[in-house]
Amino acid sequence: MSSPTTKPFAILVTGGAGYIGSHAVLALLDAGWPVVVLDTLATGFRWAVPDAAAFVQGDVADMEIVGATVARHKIGAILHFAGSLLVGESVGDPLKYYRNNTAASRSLIEAAVAAGVRHFVFSSTAATYGMPERVPVAEDAPTRPINPYGMSKLMTEHILADVAAAHPLNYAALRYFNVAGADPQGRSGQSVKGATHLIHIAVEAATGKRGHVGIYGDDYATPDGTGVRDYIHVSDLADAHVDALEWLIANPRESLTANVGYGRGYSVREVLDVADRVTNRVIERRLEPRRAGDPAILVADNTKILATLPWRPKRDDLAGIVADALAWERALQERGLSR
Ligand code: UDP
């Protein structure tokens, strides 16, 4: 760990009070980076931002706030997490996704370029691939999102590519697969209201917060008919951002689009079996209709990130991911911080 005084500038983390953003803040601080969080607190939590990070309440689409924050805190790079992230919701309210993800990112990038920010790490998603023809899916596969969430993120990737060609800014677009778990030291976890992600739902069921878990379809073309995903521990994902940032600084003329996943898929039923074992409960399962916008299988080919960054998975263990998610859920309930 290096001391903050050895770093050339501070990092602005948008959405740093949210789930993945707050873990990235921890990883940056652990690596010695000075951090400023910009968050509206619409879905994030002030308590999720450690005291060691500065905090600005505001919107990434507010170019004045972004410009003033960059100047005041000597920001040299932005890690951009703020946005909306529910596939199902995006199908019913696409304009929310094109506003919060695409349009807001465009404003943020414009403010970043105007303020002289040189490096940008973007929270992208495996949903940019849509229904991949081949799994594991590599970065050069066709990007044909099947829901507005994936499209809203893909459009931002295109904006970044064009901006990086025209201005002195390089970027990393990290295409996340399924993020789950919580900080193993118990400093943060999934706290956002209304989260619908499978492992989160499973631990809520295990702690009695909900009665059952719905399985959204068992007639997919997968070994047991349920959806297959590549689940990655949130702290491994956070570490990938620090490595991507340092790579961008070391390679100022290059940009990177990379999958972040473990390269191994689990079905909904396999996840629930692991959750039963870890929680020592039999979580009730009910078969429900397919959810709109869900592809059958999404598994990362992670060759590129392994070849480009020093990043290596450290917590590639589904039982450990569920255990960390469960510990966080229990801690939230004990502290009365429950949603
Ligand atoms: N899923 C499910 N029940 C739930 C939540 C999710 O069966 O309560 C399934 C979903 O259809 C998909 C997988 O679990 O196949 C992962 O969904 P999640 O919402 O966790 O992440 P996504 O892949 O949509 O980003």
Side-chain angles (χ1 to χ4, degrees), residues 18-20 43 81 83-93 97 101 123-132 135-137 145-154 174-182 189-190 192-207 209-234 237 259-276 279 283-300 318 321-322 324-326 329 339:
Y19 174 45
I20 302 173
T43 55
F81 296 92
S84 299
L85 68 158
L86 302 176
V87 167
E89 182 188 57
S90 80
V91 176
D93 192 358
Y97 282 71
N101 293 350
S123 268
S124 192
T125 171
T128 52
Y129 296 115
M131 304 270 190
V135 271
V137 60
I146 57 164
N147 50 61
Y149 167 67
M151 184 58 87
S152 70
K153 292 280 187 173
L154 182 60
L174 300 182
R175 293 181 176 162
Y176 309 162
F177 283 65
N178 284 62
V179 189
Q190 169 61 276
V192 177
K193 292 180 198 80
T196 58
H197 295 109
L198 179 64
I199 290 178
H200 179 70
I201 298 281
V203 299
E204 283 194 343
T207 57
K209 216 170 151 193
R210 60 175 73 229
H212 70 278
V213 176
I215 295 179
Y216 298 151
D218 71 348
D219 57 352
Y220 285 103
T222 61
D224 70 12
T226 67
V228 170
R229 297 289 184 276
D230 183 342
Y231 294 89
I232 175 171
H233 194 294
V234 64
L237 179 65
N259 290 337
V260 198
Y262 292 149
R264 143 121 219 228
Y266 291 91
S267 74
V268 174
R269 287 205 173 100
E270 285 174 319
V271 170
L272 295 177
D273 288 346
V274 169
D276 279 353
T279 62
I283 299 166
E284 191 191 330
R285 309 163 183 201
R286 289 192 198 156
L287 185 59
E288 290 178 14
R290 287 183 178 199
R291 184 172 63 181
D294 272 353
I297 306 186
L298 267 180
V299 175
L318 187 58
I321 292 174
V322 174
D324 286 342
L326 180 68
E329 183 61 35
R339 299 136 291 212

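Whatever order the structure lists ligands and atoms in, that order sets their numbers, starting from 1. In this chain, residues are counted from 1 in sequence order. As a basis for the values below, the full set of heavy atoms in this structure was taken, side chains included, without hydrogen atoms, waters or symmetry mates. This is a predicted model, so every value here is computed, not measured.
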Point to revise | atom 10 (C) of ligand 1 - nearest protein heavy atom and its distance | key: Asp294 OD2, 3.4 Å
Practice item. Just need the protein heavy atom nearest to atom 22 (P) of ligand 1, so name the residue and atom and give the distance. Key: Asn178 ND2, 3.4 Å
Check your understanding: For atom 1 (N) of ligand 1, which candidate among Tyr176, Tyr216, Tyr266 provides the closest heavy atom?
Key -> Tyr216
Revision key, fill the gap. Among Arg291, Arg229, His197, closest by heavy atom to atom 17 (O) of ligand 1 is Arg291
Show the atoms of ligand 1 that are less than 4.0 angstrom away from any heavy atom in [X].
| X | value |
| --- | --- |
| Ile215 | 7 (O) |
| Gly214 | 2 (C), 3 (N), 4 (C), 7 (O), 8 (O) |
| Thr196 | 5 (C), 19 (O) |
| Gly227 | 15 (O) |
| Val268 | 7 (O), 9 (C), 14 (O), 15 (O) |

Point to revise | Heavy-atom check, side chain of Leu85 versus side chain of Tyr176, under 4.5 Å | key: no
Exercise for review: Indicate yes or no: at least one non-hydrogen side-chain atom of Arg290 is less than 4.5 angstrom from one of Tyr220.
Suggested key: yes
Exercise for review: Can you spot which of Val268, Asp294, Val271, Ile297 makes a side chain to side chain contact (heavy atoms under 4.5 Å, CB included) with Arg229?
Suggested key: Asp294
Practice item. Check Val274, Thr222, Asp218 against Arg269 for a side chain to side chain contact (heavy atoms under 4.5 Å, CB included) and give me the one that passes. Key: Asp218
Exercise for review: State, to 0.1 Å, how close Val299 and Gly265 come at their nearest heavy-atom pair, and which atoms those are.
Suggested key: CG2-CA, 3.7 Å
Point to revise | Over all atoms of both residues, closest heavy-atom pair of Ile283 and Ala275 | key: CD1-CB, 3.7 Å
**Study point:** Mode of Leu198 contact toward ligand 1 - side chain, backbone, both, neither (heavy atoms, under 4.0 Å)
**Key:** both
Check your understanding: Hey, are Tyr149 and Glu89 close enough side-chain-wise for a donor-acceptor pair under 3.5 Å?
Key -> no
Practice item. Would you please test Arg286 and Glu288 for salt bridge (Lys or Arg N to Asp or Glu O under 4.0 Å) and show each step? Key: CA-CA 6 Å; Arg286 289 192 198 156; Glu288 290 178 14; 6.0 Å; no
Review point. Can you find a non-hydrogen atom of Tyr231 under 4.0 Å from ligand 1?
Key: yes
